[in-house]
Amino acid sequence: VQLQASGGGLVQAGGSLKLSCEASGRSNNHYRMGWFRQAPGKEREFVGGISSSGGTTYYADSVKGRFTISRDNAKNTVYLQMNTLKPEDTAVYYCAASTRLTTVIEGYDYWGQGTLVTVSS
């Protein structure tokens, strides 16, 4: 499975962005998908995840209520809608695929290349 993340950019604090993660090479419909981020000088951290059907989502406390994950299995695409962005959300965002629901980096088998989100104050 190849994952391609896109949609990053520069946005002012309080603004919104929607990231996309498109899978190719093999259907990702049975994979659980996750979003992670890595800020400069910090470790990669879990942002949120979604079950294969899309019926279950879970989030890190830092983004709960502001970010929403969804997926369109017909398009092999997962989305991360980010609202009320804060400067501390600035990071490279990665999507990843796993065979199980997990928040652990090591639990993910496939990774996209990352897309940069910069939130200005």
Side-chain angles (χ1 to χ4, degrees):
V1 175
Q2 291 82 46
L3 302 176
Q4 179 75 36
S6 62
L10 174 64
V11 63
Q12 287 189 330
S16 299
L17 274 178
K18 187 173 184 177
L19 306 183
S20 299
C21 175
E22 184 175 2
S24 61
R26 187 172 171 183
S27 172
N28 74 326
N29 292 349
H30 66 286
Y31 285 101
R32 288 72 169 172
M33 300 297 293
W35 284 96
F36 290 77
R37 66 185 181 186
Q38 188 165 16
K42 295 188 177 181
E43 294 186 351
R44 192 169 300 189
E45 64 177 2
F46 174 77
V47 173
I50 189 167
S51 62
S52 55
S53 68
T56 300
T57 55
Y58 49 107
Y59 303 92
D61 287 343
S62 58
V63 306
K64 201 172 294 183
R66 299 189 296 123
F67 291 11
T68 303
I69 296 176
S70 61
R71 67 190 297 164
D72 183 341
N73 284 342
K75 297 182 178 179
N76 283 335
T77 302
V78 177
Y79 304 97
L80 179 65
Q81 176 68 48
M82 305 184 293
N83 298 328
T84 319
L85 282 161
K86 305 175 181 179
E88 52 264 44
D89 294 318
T90 295
V92 176
Y93 284 71
Y94 299 88
C95 59
S98 174
T99 56
R100 53 197 171 108
L101 285 175
T102 179
T103 64
V104 177
I105 291 174
E106 293 78 9
Y108 286 81
D109 305 297
Y110 303 98
W111 290 83
Q113 85 292 354
T115 184
L116 176 62
V117 173
T118 304
V119 184
S120 63
S121 57

Can you sort out the partners of Y93 under ring pair (Phe, Tyr, Trp, His ring centres under 6.0 Å), two or more places apart, ordered by chain and number? none
Roughly how far, to the nearest 0.5 Å, is NZ of K86 from OG of S121? 14.0 Å
Does F67 reach the side chain of W35, with side-chain heavy atoms less than 4.5 Å apart? no
Hydrophobic cluster membership, with links at side-chain heavy-atom distances under 4.5 Å among I/L/V/M/F/W/Y: are L101 and L80 in one? no
Which atom of Y108 lies closest to which atom of R32, heavy atoms considered: CE2-O, 4.3 Å
Below 30° counts as parallel, above 60° as perpendicular, anything between as tilted: where do the rings of W111 and F36 land? tilted
Taking the side chain as every heavy atom from C-beta outward, state whether S20 and K75 have any atom pair closer than 4.5 Å. no
Under a 4.5 Å cut-off applied to non-hydrogen side-chain atoms, are M82 and L19 in contact? yes
Which heavy-atom pair separates S16 from N83 by the least distance, and what is that distance? OG-OD1, 2.9 Å
Okay, side chain of Y31, backbone of A96: is any donor-acceptor separation there less than 3.5 Å? no
Return yes if some donor-acceptor pair links the side-chain N/O of D89 with the main-chain N/O of A13 below 3.5 Å, else return no. no
So which atom in T118 and which in L116 form the shortest heavy-atom distance, rounded to 0.1 Å? OG1-CG, 3.8 Å
Is the side chain of R71 donor-acceptor paired with the backbone N or O of S51 at a distance under 3.5 Å, no angle test? yes
Around atom NZ of K42, are there more than 12 heavy atoms from other residues, nucleotides or ligands closer than 6.0 Å? no
Roughly how far, to the nearest 0.5 Å, is CD1 of I105 from CD of E45? 9.0 Å
Distance (rounded to the nearest 0.5 Å) between S53 OG and N73 CG: 8.0 Å
Going from CD on Q2 to CG on N76, what distance comes out if it is rounded to the nearest 0.5 angstrom? 11.5 Å
Is the closest side-chain heavy-atom distance between D109 and T99 below 4.5 Å? yes
Under the 3.5 angstrom rule, does the side chain of Q113 hit a backbone N or O of Q4 as a donor-acceptor pair? no
Least distance between heavy atoms, V78 atom then I69 atom: CG1-CG2, 4.0 Å
pair L3-M33: side-chain heavy atoms closer than 4.5 Å: yes
Ring pair (Phe, Tyr, Trp, His ring centres under 6.0 Å) partners of Y59, counting only residues at least two apart: none
Say whether, by atom type as modelled, one donor and one acceptor occur between the side chain of S98 and the main chain of G107 under 3.5 angstrom. yes
Nearest 0.5 Å please: distance from the CD atom of Q38 over to the CD atom of E43. 8.0 Å
Kindly indicate whether the side chain of D72, heavy atoms from C-beta on, has any atom under 4.5 Å from the side chain of Y79. yes
Between F46 and Y58, does the ring centroid distance fall short of 6.0 Å? yes
